[in-house]
Amino acid sequence: MRRLAVALAAILCAVLVANAALAQDAPKGSAERGKKLFVDLNCYSCHGTHAQGGGRNSEPPIPLGYPFAGFLNQMRKPRLDMPAYEEKLVSAQEAADLFAYFSSIKAAPAAKDIPQLRN
Amino acid sequence: MTQARKKTTQPPQTPEDESGLDRRSFLKGAAAAGAATAAAMAAATKVARGAEARAPKAEGEANARGDSFIARPGSDFMLDVIRTLNIDYFASNPASSFRSLHESIVNYGGNKKPEFLTCMHEESSVAIAHGYAKAAGKPMGVLCHGSVGLQHAAMAVYNAWADRVPVMMFAGNGMDANKRRPGVEWTHCVQDPAGLVRDFIKWDDQPASLQHFAESTVRAYKMAMSPPQEPVLITLDIDLQEEAIEGKVSIPKFSLAAPPQADERALRDAAKMLVAAQNPVIVADRCARSQEGVEALVKLAESLQAPVICTGNRMNMPSAHYLNQSENRPGLIRNADVILMLEVQDPWGTLHGMGDPWKDVRRAAKPDVKVIQISLADFMMKSNYQDFQRFCPADLAVSGDAQTSLAPLTAAVKREMSSTRAAELAGKADGLKKRHQDMQERMKTAAALGWDASPVSTARLSVELWNAVKNENYCLAVSDRIAWPKRLWRTTQFTNMMGGSGAAGVGYSSPGAVGVALANRDKGILTVTLQPDGDMCYAPGVLWTAAHHKIPLLWVMYNNRGYVQEVMHLQRMAGLHRRDPKTAKVGTMIYDPEVDFAKLAQSFGVWGEGPISDPSKVGPALERALKVVKGGSPALVDVVCQLR
């Protein structure tokens, strides 16, 4: 969990320090294309198809609802162990598609509302 | 090497006829160690005809001896020795270099205690013995060729050694070159069989006589069981097995050594440091070997109000106990002023992290944290394999078996504890209980993410399985492949979770779980396991072994269709090299075609269902499978999962 906490902190930090150019609103993207890209680029191997993260400490969830600027900054100049995805590998439009996919993911049910997790 | 050697041309006579000793009476006597010694001695004094059956013939000499029987082969005596050690099973892929002992097991011994378990790979044999020993608390025997069999077995032996688990290995070999048949028998013989595995076993010997065998086998068992527990290897000479018992032989009296307790003065010093600490933390790795160890750790932790971090290699501390704070590890290590490490394999890694790929060291603990280590690591350390990890200085290093040392350490803590200090520590309990509760809620919140995802999330899979077994006396046979059970399941018994492979050698999980399930079958414990698909593909023949021997085990496939850790490594390398990360699937993923594990199971005679990708269908499938397992047979449910 330490890595997870550090990773989340790093993402939040990235959001705060993102430069003005990255602080723009998210460009229009396709959630459908983004979903496919998420698999093709193997993002899902660590983060899961629903951005839920993995079962180990080195696979953080992607917090839903945070700004595009922070998302893009982490992808281009990642903190910690995540590989970098430069523009030649993931174009600005593809980044927007990925972000559109994240934005389309519904929040998970609360643990208290899941019967199997009540005991 | 399965071709038979003809030694008889006449119908065989019964051993009773040959030796004059009633076989039933002999077996009855062999059940008790002392009686076995007497019986074996009596039998051994009978000089049998055919004693020179394997003696080489001069060229042209007739080799047919019509009356050539071996009334009391040496392998019968070997079995008598083995029986005094209370070994219940021998796991083995059959091979000619131990054919005589094999025959003695199934005929002379009636295939009971020990029973021969038919395995399809020597790696499976050893991994079965590895899992069995952890659950049963005693070793199983393994038989293999001294050459090709031991080569197959080697990685599994390394796993068992790294996991500090006893295994009684026996390797067939022909020592006398003058008696080896030409061809394959030469190829399968080796001058020093144990050389292949000597770096990761405790002891070995190549007995040259039956008396030598008896003494070395009893010694080997005693050494394997003395902490630190490790595999041992006895080489079985072919001729020693096959030639008749000659002269007087006896079986040494067997007794286990008391485990080494840490020095009382050192424990007193440790107690002083712990009692004085403001934020003591206990890290327990391969500490407990039994429920006694679990209960002793609870008492120590309670006496100090010290949170415990379990690494997961053993079930050391009940999960529902408020002092089990394993998932609060980063904060606990960061704030600790004294850390007590109990059989911790990697003390340096407990205090540090290292970034990948830049190898930047990240200190996880205070620079002035005091470290107490209680461990037997120095007693099993060898030079070649680097399992011993990076050197970590300790403020107080104590050599001793952790489980055995817990009770005297707790007593020392109580002696050092003033009533004032005891009252101060008692005041910490409410805060620790709140942190434990918060930790559990945090884990549940994390498990809810991706709850309805398809493929099934590993958290959902773990929770569905927990709901299926929570009212049973259960065991999760391999508990380190998915982290969620350790976070979410309620553990109270040492046998609830059996840890992992030891050396992360892939291929342990499936046969290891079979071994655990075999031990649990005899205790009435329901055994399940979360089975990675890549691991299952190493040696799936173990499915047949479970079906054939009616070993009740539920495999729940954690089928992510790949070696996903390697996917992540390739992604990282591609990112570093500024190249395409999409190719990370090449050489790492297991699809096109996808393996149908339910059909694989069925083909080996195991009940199978799947593949299941819909999370809502997992629970009902597990219920169906558990009915089969409770009926005494193995079953497999294939669940297609998220990658991690």
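Below, read A as the first sequence line, B as the second, and so on, with proteins coming before strands; counting in each chain starts at 1. Source: prediction; values computed, not measured.
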Minimum heavy-atom separation for B:Met589 to B:Asn560, with atom names?
CE-O, 3.8 Å

Heavy-atom cut-off 4.5 Å, strictly under: side chain, backbone, both or neither for A:Gln116 against chain B?
both

What part of B:Gln642 is in contact with chain A, defined as an atom under 4.5 angstrom from a non-hydrogen atom: side chain, backbone, both or neither?
side chain

Residue, of B:Thr458, B:Val567, B:Leu488, B:Asn467, that accumulates the most heavy atom pairs under 4.5 Å with chain A:
B:Asn467

Euclidean distance, B:Ile590 CD1 relative to B:Asn559 CG, rounded to 0.5 Å
8.0 Å

I'd like to know which of A:Gly53, A:Pro109, A:Ala110, A:Ala84 tops the heavy-atom pair count under 4.5 Å against chain B.
A:Pro109

Aromatic ring pairing A:Phe68/A:Phe99, orientation class (parallel under 30°, perpendicular over 60°, tilted between):
perpendicular

Checking B:Trp358 against chain A: side chain, backbone, both or neither under 4.5 Å from a heavy atom?
neither

Answer yes when B:Asp533 and B:Arg561 have at least one side-chain N-carboxylate O distance shorter than 4.0 Å, and no when they do not.
no

Interface moiety of B:Lys470 toward chain A, non-hydrogen atoms closer than 4.5 Å
side chain

Are any of the side-chain heavy atoms of B:Met354 and B:Asp360 separated by less than 4.5 Å?
no

Can you say whether B:Ser462 sits under 4.5 Å from chain A via the side chain, the backbone, both, or neither, judging by heavy atoms?
neither

Heavy-atom pairs under 4.5 Å with chain B are the metric here; pick the option from A:Val90, A:Asp40, A:Ile105 that has the most.
A:Asp40

Residue part contacting chain B, namely of A:Ile114, when any heavy atom lies under 4.5 Å:
side chain

Can we say B:Arg442 and B:Asp438 salt-bridge, meaning some charged N sits less than 4.0 Å from an Asp/Glu carboxylate O?
no

Are the charged groups of B:Arg460 and B:Asp452 less than 4.0 angstrom apart, N to O?
yes

Given a strict heavy-atom distance threshold of 4.5 Å, which part of B:Ala453 is in contact with chain A: side chain, backbone, both, or neither?
both

Quick check on A:Lys106 against chain B: is it the side chain, the backbone, both or neither that has a heavy atom closer than 4.5 Å?
neither

Heavy-atom cut-off 4.5 Å, strictly under: side chain, backbone, both or neither for B:Glu464 against chain A?
side chain

Counting only non-hydrogen atoms closer than 4.5 Å, does A:Leu117 touch chain B with its backbone (N, CA, C, O), its side chain (CB onward), both, or neither?
both

If you measure from the Lys or Arg side-chain nitrogens to the Asp or Glu carboxylate oxygens, is any gap between B:Lys486 and B:Glu327 under 4.0 Å?
yes

Separation between CG (B:Asp580) and CG (A:Leu41), nearest 0.5 Å, reads 8.0 Å

